[in-house]
Undergrad: 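Take this structure, written in structure tokens, and hold onto it; I'll ask about it next.
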Amino acid sequence: MNAANGEEPNANPAEDGRKASATTESIVQLGQTPLPPGESNIFCLTIIGQVEGHLMLPPQNKTTKYEHVIPQLVAAEQNPKIEGLLIVLNTVGGDVEAGLAIAEMIASLSKPTVTVVLGGGHSIGVPIAVSSDYTFIADTATMTIHPIRMTGLVIGVPQTFEYLEKMQERVTRFVVRHSGISEETFKELMFKTGELTRDIGTTVIGADAVKHGLINAVGGLGDGLRELNRRISERKKARAEGAAAL
């Protein structure tokens, strides 16, 4: 006992310091806190700000780095304590290939996944949003659908435009394959003129995204967690029945 105040001294201050440092580092580098001590069976992945790809963005930009996200997804897939993933999305878009890489990773997970779009899921955020098993969008959240933009040096030759067209088809195929929207409707929204003042494309809000078949339902965090827990329970039941049948 501490003679000064009658309190028990800290058993291991160095360990507490390391834990605090690790928590701070996780917040700074990944924008999220580690799992709480009472470990949850759900892993929450946040896609926020701008998706950063092969080039580093300016330090004042809020970014999600794909080289951080991909190892997290691999770890969540391998960890037997994690039974489902909740993806919380609020992004303006970003690097096309990095965004598609994240989307493909989420789509290939064997565990149940649910996405909740809060605020916005724009540009390459659209494929990430639809990559999970079930998707929700907040009533006031928006999703901007537009053609791929190219920054930097552009060579004015036919091959450049063919390359852009192929990249656009990759995005379109992925979205159509992982949502209920038709290719015709998606392209119609993508190439619509007159709605965006300085660009072509369409901004869909909440219920409109559901009406077009892009998102499954309007809802928030509670709805997402309920749906994810339901899918986790169904997966457990199916595995138990399969084991019993052997």
Side-chain angles (χ1 to χ4, degrees), residues 19-52 61-94 98-122 124-143 178-179 206 209 214-236:
K19 287 181 180 178
S21 177
T23 300
T24 303
E25 184 72 13
S26 179
I27 293 171
V28 171
Q29 295 296 330
L30 306 179
Q32 64 183 34
T33 57
L35 292 174
E39 291 185 7
S40 172
N41 65 329
I42 293 174
F43 179 74
C44 179
L45 176 68
T46 54
I47 308 290
I48 57 174
Q50 192 165 345
V51 178
E52 186 179 88
N61 287 38
K62 181 74 71 176
T63 62
T64 294
K65 301 176 186 293
Y66 85 117
E67 70 269 25
H68 290 169
V69 172
I70 290 176
Q72 289 183 75
L73 290 171
V74 173
E77 174 72 7
Q78 290 182 313
N79 189 344
K81 294 180 181 179
I82 300 297
E83 298 177 319
L85 283 85
L86 180 72
I87 297 96
V88 179
L89 193 75
N90 187 6
T91 177
V92 295
L100 274 180
I102 292 171
E104 291 283 8
M105 287 284 289
I106 294 171
S108 64
L109 293 172
S110 65
K111 298 177 180 181
T113 54
V114 170
T115 297
V116 179
V117 180
L118 302 171
H122 307 294
I124 200 61
V126 175
I128 298 175
V130 303
S131 62
S132 61
D133 299 327
Y134 201 84
T135 54
F136 289 94
I137 185 169
D139 189 49
T140 57
T142 60
M143 303 181 79
H178 291 90
S179 70
L214 195 60
I215 299 294
N216 293 115
V218 173
L221 180 60
D223 300 295
L225 286 171
R226 278 191 294 273
E227 177 64 24
L228 185 55
N229 281 315
R230 185 187 69 79
R231 288 175 177 269
I232 290 172
S233 297
E234 286 184 352
R235 183 171 184 256
K236 284 182 178 178

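Note that these values count all heavy atoms, side chains included, but never hydrogens, waters or copies made by symmetry.
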Undergrad: If you look at every heavy atom in Ala129 and Thr135, which pair is closest and at what distance?
TA: O-CG2, 2.9 Å
Undergrad: Let me confirm one number: the SG-CG distance from Cys44 to Leu228, rounded to the nearest 0.5 Å.
TA: 10.0 Å
Undergrad: What salt bridge (charged side-chain N to carboxylate O under 4.0 Å, His left out) pairs are there with at least one residue in residues 71-82, not counting sequence neighbours?
TA: Glu39-Lys81
Undergrad: State which residues pass salt bridge (Lys or Arg N to Asp or Glu O under 4.0 Å) with Lys62; sequence neighbours excluded, sorted by chain then number.
TA: none
Undergrad: Which pair of heavy atoms, one from Val117 and one from Gly121, lies closest together, and at what distance?
TA: CG1-N, 3.8 Å
Undergrad: Which atom names give the shortest non-hydrogen contact between Pro127 and Ala103, and what distance separates them?
TA: O-CB, 3.7 Å
Undergrad: Which pair of heavy atoms, one from Ala138 and one from Leu118, lies closest together, and at what distance?
TA: CB-CD2, 4.0 Å
Undergrad: Considering non-hydrogen atoms only, spot the tightest contact between Ala141 and Ile137 and give its length.
TA: CB-CG1, 3.6 Å
Undergrad: Hey, what do you get for CG (Asp133) to NE2 (His178), rounding to the nearest 0.5 Å?
TA: 9.5 Å
Undergrad: Do Val69 and Val51 pass the side-chain contact (heavy atoms from CB on, under 4.5 Å) test, and can you show the C-alpha distance, the side-chain angles, and the key distance before you say yes or no?
TA: CA-CA 10 Å; Val69 172; Val51 178; over 6 Å; no
Undergrad: Report the residues that fulfil side-chain contact (heavy atoms from CB on, under 4.5 Å) with Val92, sequence neighbours left out, ordered by chain and then residue number.
TA: Gln50
Undergrad: Supply the atom-to-atom distance Arg226 CZ to Leu221 CG, rounded to the nearest 0.5 angstrom.
TA: 9.5 Å
Undergrad: So which heavy atom on Leu86 is nearest to which on Leu225, and how close?
TA: CD2-CD2, 3.9 Å
Undergrad: Between Ser131 (side chain only) and Glu104 (backbone N and O only), is there a donor and an acceptor less than 3.5 Å apart?
TA: no
Undergrad: Nearest 0.5 Å, what's the CG-CG distance between Leu85 and Leu45?
TA: 7.0 Å
Undergrad: By side-chain contact (heavy atoms from CB on, under 4.5 Å), which residues pair with Arg235, not counting sequence neighbours?
TA: Ser110, Lys111, Pro112, Arg239
Undergrad: When you measure from the side chain of Asn79 to the backbone of Ala76, do you find a donor-acceptor pair of N or O atoms at a distance under 3.5 Å?
TA: no
Undergrad: For the atom pair CD1 (Ile128) and CG (Leu89), what is the distance rounded to the nearest 0.5 Å?
TA: 6.0 Å
Undergrad: With sequence neighbours excluded, what pairs up with Thr63 under the side-chain contact (heavy atoms from CB on, under 4.5 Å) test?
TA: Glu52, Leu57, Asn61, Lys65
Undergrad: Among all residues two or more places apart in sequence or in another chain, which pass the side-chain contact (heavy atoms from CB on, under 4.5 Å) test with Glu227?
TA: Val114, Tyr134, Phe136, Arg230, Arg231
Undergrad: Would you check if the side chain of Asn41 reaches a backbone N or O of Ile82 as a donor-acceptor pair within less than 3.5 Å?
TA: no
Undergrad: Calculate, to the nearest 0.5 Å, the distance between atoms CG and OG1 belonging to Leu73 and Thr113 respectively.
TA: 10.0 Å
Undergrad: Do Thr64 and Thr91 have side chains that get closer than 4.5 Å, going by heavy atoms?
TA: no
Undergrad: Do the side chains of Ile215 and Thr115 get nearer than 4.5 Å, heavy atoms only?
TA: no
